[in-house]
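All remarks here apply to the structure that follows.
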Amino acid sequence: MSRVKLNETAWANASGALMGIVYVFCSLAIGLFPDLSRAVAQSWIHGIDLGAVWTGNPRGNFLLGLITSIGLSWVAGWLFARVYNKFIK
């Protein structure tokens with residue numbers, strides 16, 4: 001069985017880019033379909049009532065959320081590839 005090493009930087013870049021796409025999509029979905037977005041979000045967290053925190057509008061700190069989610073996803077992707085490469089040795 002061949003063991004393919006992952007390029008850590010490429011994996012991290014792909015993880016960050018994917019998160020950026022998902023983040024923008026989610027923000028658009030909340031703006032365009034707030035009720036559906038709330039129902040989906042509530043179903044993902046096992047029915048916890050989001051009424052106290054849900055505004056139905058994309059947040060004013062969109063850019064901060066976008067940057068931090070991409071950054072954390074990049075780090076997580078890099079760590080994943082790094083750990084994976086250690087395990088296949």
Side-chain angles (χ1 to χ4, degrees):
M1 178 193 225
S2 75
R3 297 175 181 221
V4 177
K5 278 186 78 170
L6 297 176
N7 179 314
E8 294 155 0
T9 302
W11 194 275
N13 290 343
S15 298
L18 181 61
M19 177 53 78
I21 292 166
V22 170
Y23 190 89
V24 169
F25 173 78
C26 285
S27 184
L28 288 171
I30 290 169
L32 296 172
F33 310 106
D35 293 334
L36 176 62
S37 299
R38 180 179 176 176
V40 170
Q42 197 157 317
S43 73
W44 286 354
I45 56 174
H46 308 291
I48 294 173
D49 185 16
L50 296 174
V53 296
W54 190 267
T55 64
N57 295 316
R59 298 180 314 272
N61 57 358
F62 170 82
L63 192 57
L64 176 63
L66 179 65
I67 291 168
T68 56
S69 66
I70 289 172
L72 288 174
S73 295
W74 191 96
V75 170
W78 186 87
L79 284 171
F80 172 82
R82 180 80 168 187
V83 170
Y84 173 86
N85 288 339
K86 295 289 182 192
F87 278 117
I88 63 167
K89 287 184 177 180

Asn61 side chain vs Leu64 backbone, donor-acceptor pair below 3.5 Å: no

Shortest non-hydrogen contact from Ser37 toward Ala29: OG-O, 3.0 Å

Spacing of Leu79 atom CG and Ser15 atom OG [to the nearest 0.5 Å]: 10.5 Å

Ile70-Val22 co-clustered via ILVMFWY side chain contacts under 4.5 Å: no

Distance-minimising heavy-atom pair for Tyr23 and Ser69: CD1-OG, 3.6 Å

Leu28-Leu66 co-clustered via ILVMFWY side chain contacts under 4.5 Å: yes

For Ser73 against Gly16, the heavy-atom pair lying closest together: CB-CA, 4.1 Å

Least distance between heavy atoms, Thr9 atom then Trp74 atom: O-NE1, 4.4 Å

Spatial distance of atom CG (Leu32) from atom OG (Ser27) [nearest 0.5 Å]: 9.0 Å

Hydrophobic cluster membership, Phe80 vs Val4, 4.5 Å side-chain cutoff: no

Expected output: side-chain Asn85 to main-chain Lys5 donor-acceptor under 3.5 Å: no

Common cluster, Ile88/Trp11, ILVMFWY with side-chain heavy-atom separation under 4.5 Å: yes

Gap separating the CG atom of Asn13 from the CH2 atom of Trp78, nearest 0.5 angstrom: 13.0 Å

Shortest non-hydrogen contact from Arg38 toward Asp49: NH2-OD1, 3.4 Å

Pairs touching residues 12-23 that satisfy salt bridge (Lys or Arg N to Asp or Glu O under 4.0 Å), sequence neighbours left out: none

Separation between OH of Tyr84 and CZ of Arg3, rounded to the nearest 0.5 Å: 9.0 Å

Contact summary for Thr68 and Gly65, nearest pair of heavy atoms: OG1-O, 3.3 Å

